[in-house]
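Structure, as structure tokens:
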Amino acid sequence: MAEAGLANRVERYDPRAIERKWRDRWEADDLYRVRDDAPGEKWYSLTMYPYPSGILHVGHWYAFAVPDVFARLQRMRGRNVLFPMGFDAFGLPAENAAIRNRIHPAAWTFDNIATMRAQYRQMGAMIDWSREVVTCTPEYYRWNQWLFLRMLERGLAYRANGAVWWCPKDQTVLANEQVLEGNVCERCGSEVYRRDLEQWYFRITDYAEELLRDAEPLDWPERVKTMQRNWIGRSEGARLRFRLETGDDLEVFTTRPDTVWGATFMVLAPEHPLVPAITSEAQRPAVEAYVEQARRQSEIERQSTDATRPKTGVFTGGYAVNPVTDERIPVWIADYVLMGYGTGAIMAVPSGDQRDFDFARAFDLPIRVVVQPEGEPPLDPATMTEAYAGDGVLVNSGPMTGKRVPEQVPEIVAWLAESGRGEAEVTYRLRDWLISRQRYWGTPIPVVYCDACGIVPVPDDQLPVELPLDAEFTPTGQSPLVSHAAFLHTACPRCGGPARRETDTMDTFVDSSWYWFRYTSPDDVSGPFDPAKAAAWTPVDLYCGGIEHAILHLLYARFFTKVCRDLGLVEHGEPFLRLRNQGMILAEEGTKMSKSRGTQVAPDDLVREYGADTLRLHLMYLGPWEQGGPWNNRGLDGMQKFIRRAWTVVQETADGPFDGTAPEEADALRRLTHRTVERVTTDLDDFQFNTMVAALIEFVNELMRLKGTAVARTPEWREALRTLALLMAPSTPFVAEELWERLGGDYSVHHQAWPVADPALTARALVEVVVQVAGKVRDRLLLAPDAPEAEVRAQVLALPKVAAALSGEPRKLVYVPGRLVNVVP
RNA sequence: GCCGGGGUGGCGAAAUGGCAGACGCAGCGCACUCAAAAUGCGCCGACCGCGAGGUCGUGCGGGUUCGAAUCCCGCUCCCGGCACCA
């Protein structure tokens, strides 16, 4: 009978039943509802919201379940934690899926959201769904429009000509990703080309300096900061003025104003506005042909072309005057000069710049040495094989000859400025943000075009400009909204006359540039968010997401935050104080997971078989979270085994009685418990989830070893079991709740305080100290961690193994208390 | 080309100046079982040795140190980012 009773008491671990039970209970109790006024210091943990692409794969779990562990730790520490969730619901894939399957993008999107929402519930993440944000709803994108209008008022949104892809057959603009290799339209296969069209831009370049400077103190991965720094691309130099023979001034930007005496020709970007004016009649056909050919290449293509590609270009027939030498120098055009950077024109100094050197050699243009490296034989233009861009002394440089560079560059710039030839300038690589998209599934840009009044913003009280759901979005070669008469034709808000709406929509990166503010007041109808609530919750304390957003999203989000600050909506200028990037989960063979090749791993099947807790642990245990790596199914069994062992220990020993004594063993157990608390806590704080799990496993392994001994009847054992449930709560929320209940704890384990390690108990009473002779381990000693050196020395030298390895007196003895002794012969 | 990150058992990894390989997977052995599964316990870098034990070992070559996977110099391979930005 007794045996049967015992067998009944030890239930089998059944993840499906346990997880269903607690999921229902938590939802019924609204366990994860976040209250603005709850006690505790606020903690805003944010994970990049997903695109509703269909179903969750393990990558989504990796990105979300692991940060959930961290957020749960903060909550148990007594913080008031916001850990919200939403969907980045506008975008190209919905439109493409709609065209392919003939369903409406809205239907496709909301179906996917429903599926994915249910999957996130499986995960056991502590999401407060009442704060969910879905960006394709008018309640959300209305505020994209509102923010756009505020930016328009301040000149931060503007309309300008920009080069875009144009398909002559479909008569439409194409997105960059619709242009296939060889500059071919993805729909009709026609050759496409660049065309200047008016587009909307955000003036992010106004914030270039601030974006650069404010990134420095952020607790972000260094590589992300470096990528942003490079993207912004600050260059110090000077703007110099050259006089053209047509009478126009031609301005150039250079980082080497000290080399202007070596400028022997000039090069303009093919699109430069002065090209037609400076071109001679004799050269005009060649110039026009070159300009036309350059137009067919995208800016991206031109920028990313290998720098070793042979230089191409054409002489315009025109000349400029070098402002310091008064020499007449030829003006060329070449596609290695980019219209979008600096002034779109350069002074070419072939002796000091490799590109100019290559160009000069290709077209037999003069080269003059102006910087001579010190202590080297004089450079000779006739025999040089490459440009010299290093330090040195100026030669052939009129009054500045003999100046050392770079030390004396400021003096040279001052001299140039005094004589009116130019001035110091800082230039950035960053371009303004082109937000127009000739696409349907996005936020309509809230302006109208009136023949009488021009561009007229839609007044705030007419927002949102709703995206019509009955638009014909199958491909006709036209932007969908253009053919929607009821949308297109409207009355001018200013004069009441007939007007046309803007039919372009906004880049979906606009949606994600402020969404975390919306979580703080998702139902606000008076503004994008409630400034008081935003002030209470933001900036975000911890932002988690993929490294692929290192530049665009994170830069745009920082820009929007600064704009919101300048609009008086928030006080801070940086949205995310701490950033962590998860690595990518790859398919088992180490390649990217792919839907089409069937290498995606579906978490639902794994949850059915193992439960969410096991899957969460497995993802944490795969390796360092910031590194990612190939998926494997096998490790799941190990994690399941760990949970079952924890389960077994608790089931078998939870009922006590805990009235026994075992002085030495109980003391050792307490020390182990506290040491485990310390390891788990510091590993979680350091985002080292894999070693955190290892600490839990070691703890359970030890409890397994001890469960049949007297120590399992002591109060210390009860403390150990309760601590185990608490330490498991963030990682395995379901089974931890079940164990906690079994241990008689108050509901819920997720409302308990995180255990704190007592430093007096984390130290071992005795430690094994390694004894080395000449750096080789010869023996070990059990010593108190603070044993005095004299005593240790005597003990060590008395060891037979040490004596054997040593002849005579040691030269030296190194003692690191609690670690090792090294005897140096 | 420039800037990051990395190279440790059969595999994922740990150790960031102090016992290399914690922990897990796989494998092997034992117990339980009629048997298998499940579970529990043990072994598990290479070489030499019957054994006690010894020698070697963290991509390669050097250096610093009583002591190096860890720090420094040089090289090599892999991954990521940027790349004609004047």
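The basis for the numbers below is simple: all heavy atoms, side chains too, and nothing from hydrogens, waters or symmetry mates. Owing to the predicted nature of the structure, the values given are computational and were not obtained by experimental measurement. In what follows, chains are A, B, ... by sequence order, proteins preceding strands, each numbered from 1.
- Using atom C1' as the reference point in both B:G24 and B:C73, the two lie 38 Å apart (nearest Å).
- Atom-to-atom, CZ of A:Arg223 to P of B:G4 comes out at 14 Å; the value is rounded to the nearest Å.
- The side chain of A:Gln627 contributes an N or O atom lying less than 4.0 Å from OP1 or OP2 of B:A13.
- Taking the six-membered ring wherever Trp is involved, the centroid distance between the rings of A:Phe357 and A:Phe359 does not fall below 6.0 Å.
- Across all strands shown, A:Glu768 has heavy atoms under 4.0 Å from base atoms, whether or not it also approaches the sugar-phosphate.
- Between A:Arg705 and A:Glu702, at least one side-chain nitrogen of the basic residue sits less than 4.0 Å from a carboxylate oxygen of the acidic one, meeting the salt-bridge criterion.
- Looking at A:Arg558, its side chain does come within 3.5 Å of a backbone N or O of A:Leu211 through a donor-acceptor pair.
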TODO: Check the pair A:Phe363, A:Phe265 against ring pair (Phe, Tyr, Trp, His ring centres under 6.0 Å), reporting the backbone distance first and the verdict last.
DONE: CA-CA 11 Å; A:Phe363 296 100; A:Phe265 58 99; 9.0 Å; no
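- Here A:Asn230 does not reach the OP1 or OP2 of B:C2: none of its side-chain N or O atoms lies under 4.0 Å away.
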Could you list the donor-acceptor pairs under 3.5 angstrom formed by side chains in residues 814-823 of chain A, with sequence neighbours left out?
{"residue": "A:Tyr815", "atom": "OH", "partner": "A:Ala787", "partner atom": "O", "Å": "2.7"}
{"residue": "A:Asn822", "atom": "OD1", "partner": "A:Gly775", "partner atom": "N", "Å": "3.0"}

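- The residue A:Pro624 sits close only to the backbone: its heavy atoms come under 4.0 Å of sugar-phosphate atoms, none of a base.
- Of the inter-residue distances, the one linking A:Phe689 atom CZ with A:Leu622 atom CG reads 13.0 Å to the nearest 0.5 angstrom.
- Nearer to the 5' terminus of RNA chain B, by closest-nucleotide assignment, is the contact made by A:Met227 (compared with the other of A:Met227 and A:Thr427).
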Task: Secondary-structure string, 5' to 3', Watson-Crick or G-U under 3.5 Å, | for another-strand partners, for RNA chain B - done: (((((((..(((.....[....))).(((((.......))))).((((....))))..(((((..]....))))))))))))....
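- Among the protein residues, A:Asn632 comes within range of no part of the nucleic acid, since none of its heavy atoms lies under 4.0 Å from any strand.
- Listed nucleotides B:A13, B:C82, B:C56 differ in distance to A:Arg429; the shortest reach to its side chain belongs to B:C82.
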Task: A:Asp219/A:Lys225 under salt bridge (charged side-chain N to carboxylate O under 4.0 Å, His left out): CA gap, chis, key distance, verdict - done: CA-CA 9 Å; A:Asp219 178 7; A:Lys225 289 205 254 183; over 6 Å; no
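- For the segment residues 547-557 of chain A, no residue has any heavy atom less than 4.0 angstrom from an atom of RNA chain B.
- Checking side-chain atoms of A:Arg229 against main-chain N and O of A:Glu216 turns up no donor-acceptor pair under 3.5 Å.
- Under the 3.5 Å distance criterion, the side-chain polar atoms of A:Asn322 are matched with a main-chain donor or acceptor of A:Val260.
- Contacts of A:Arg645 with the nucleic acid, taken as non-hydrogen atoms under 4.0 Å apart, involve only primed sugar atoms and P, OP1 or OP2.
- With its glycosidic angle more than 90° from 0, B:G6 adopts the anti conformation.
- Residue-level contact check: A:Met704 touches the backbone only, with heavy atoms under 4.0 Å from sugar-phosphate atoms and none from bases.
- Judged purely by distance below 3.5 Å, without hydrogens or angles, the side chains of A:Thr226 and A:Arg223 never pair a donor atom with an acceptor atom.
- The C1' atoms of B:G29 and B:A22 are separated by 23 Å, rounded to the nearest whole Å.
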Shorter than 3.5 Å, N or O on both sides, protein versus nucleotides 62-71 of chain B: list them out with atom names.
{"residue": "B:C66", "atom": "O2'", "partner": "A:Asn822", "partner atom": "ND2", "Å": "3.3"}
{"residue": "B:C66", "atom": "O2", "partner": "A:Asn822", "partner atom": "ND2", "Å": "2.6"}

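- For the pair A:Arg429 and A:Trp231, the distance from NZ or CZ to the six-membered ring centre is under 6.0 Å and the angle to the ring normal is within 45 degrees.
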Open item on the list: For A:Trp433 and A:Phe509: C-alpha separation, side-chain torsions, deciding distance, then whether ring pair (Phe, Tyr, Trp, His ring centres under 6.0 Å) applies.
Closed with: CA-CA 10 Å; A:Trp433 174 12; A:Phe509 274 114; 7.2 Å; no
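- Listed for the A:Thr653 side chain is no donor-acceptor partner under 3.5 Å among the backbone atoms of A:Lys707.
- For the C1' atom pair drawn from B:G57 and B:A68, the interatomic distance equals 14 Å after rounding to whole Å.
- Note on A:Lys225: nothing from the nucleic acid sits closer than 4.0 angstrom, heavy atoms only.
- Take A:Asp353 and apply the salt bridge (Lys or Arg N to Asp or Glu O under 4.0 Å) test, not counting sequence neighbours, and it matches A:Arg355.
- Taking every heavy atom of residues 231-240 of chain A and every atom of RNA chain B, pairs under 4.0 Å involve A:Ser235, by number.
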